[in-house]
Amino acid sequence: MEKAAFIINPFSAKKNYQPFLDELKKKVDNPLYYISESIPGTDDFIRTNFDNVDIFVAIGGDGTISTVARNLINTDKILAIFPAGSGNGFSNETKFSKNLDELLAKIKAKTSRKIDTFTVNDKLSINVSGTGFDGKVVKEFEKTSRGFKNYIKVSLKTFFNYRPIKVKFFDEAYQQYNGKYLMLNIANTRQFGNNAYIAPKASKSDGLVDMVLVKKFPLTYSALFAFRMFTKRLKDDEYVTYLPVSEISFKVNTKNWHLDGEFNKIKSPIHVKVLPASLNILV
């Protein structure tokens, strides 16, 4: 087997990581693994083992994967995933399953391809990042025990009380889109997670991200919005606008963002930039 290192987030993977580790030890002799207690700890582990490892496997959710990925950008190292988060959007989009035998077979074959990533004010994102309503939802969601049911509860509670954000673009070509929005998302792949497809036409290998602008909509539209999102049918209409971009700058009157589902404070002005073919991923 090619040299692989397994990085486990015990917080996002709390229900899954011990069974995963027990199975890994049965199937791989003396596996190299690290149970992460912090982001700096993960960074240190990768740096320490960088020269001797070909494939770094992230065991956790999108935030864990993003933490590992940022150490591998523009290198020949390969990212692999064992999904163990609450949404698993990126692993769904890159076809990783909770089947260790399948993962070990992929590692042995060592076939990879390059995909795009992007930055928000130089902070890396690999999947979907955003501000507005969903940034607030992530902030409140992190106060719960997570899980899809809690996500829905927090989303509904937040929706009725949330004031739209104000967005102002610097480039004249986009100033027609200045205005108030429920949320603004930057999508490198199609889904948030849990098969909620915010950008059904997004591609992780076209050099672009889809900027998704969603105006606050009436309750009567919410069922249609949810139906379209979970059936990959969201499209441009009076409430939803898609802007495929490789780079864009704007101001927004909130600092609350989520990057791949992890809450972040980011000050305006905001600069989004695609990093084409910047990450090797196992296939």
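Here T67 pairs with nothing under the side chain to side chain donor-acceptor pair (under 3.5 Å) rule; sequence neighbours left out.
Contact check for K166 versus Y181: no side-chain heavy atoms found under the 4.5 Å cut-off. Taking 4.5 Å as the limit, some side-chain heavy atom of F192 sits within range of a side-chain heavy atom of M229. Proximity of I8 to F82: side-chain heavy atoms (C-beta onward) are nowhere separated by under 4.5 Å. V128 is not listed as a side-chain neighbour of Q191, based on a closest heavy-atom distance of 4.5 Å or more. Between K235 and R228 the shortest side-chain heavy-atom distance falls below 4.5 Å. For the pair F118 and S129, the minimum side-chain heavy-atom distance is below 4.5 Å.
Inspection of the D44 and Y34 side chains reveals no N or O donor paired with an N or O acceptor under 3.5 Å. Side-chain contact annotation: K265 with N256, donor-acceptor N/O pair under 3.5 Å present. Under the 3.5 Å distance criterion, with hydrogens and angles disregarded, a donor-acceptor pair is assigned to the side chains of S36 and T42. Looking only at atom types and distance, the side chain of S205 has no donor-acceptor partner in the side chain of D116 under 3.5 Å away. Residues T241 and D236 bring no donor and acceptor atom of their side chains to less than 3.5 Å of each other.
Screening Q18, K25, K26 for a side chain to side chain donor-acceptor pair (under 3.5 Å) involving D22 leaves a single residue, Q18. None of T119, I126, N188 except one satisfies the side-chain contact (heavy atoms from CB on, under 4.5 Å) rule with L275; the exception is T119.
For the pair N195 (side chain) and F230 (backbone), a donor-acceptor distance under 3.5 Å is absent. In this structure, the side chain of D206 engages the main chain of L208 through a donor-acceptor pair within 3.5 Å. No donor-acceptor pair closer than 3.5 Å links the side chain of N194 to the backbone N or O of A196.
By the 6.0 Å and 45° rule, K232 stacks over the aromatic ring of Y197. For the pair K201 and Y242, the cation-pi test (distance below 6.0 Å, angle within 45°) is failed.
Aromatic rings from Y239 and F225 are positioned such that their centres are separated by 6.0 Å or more.
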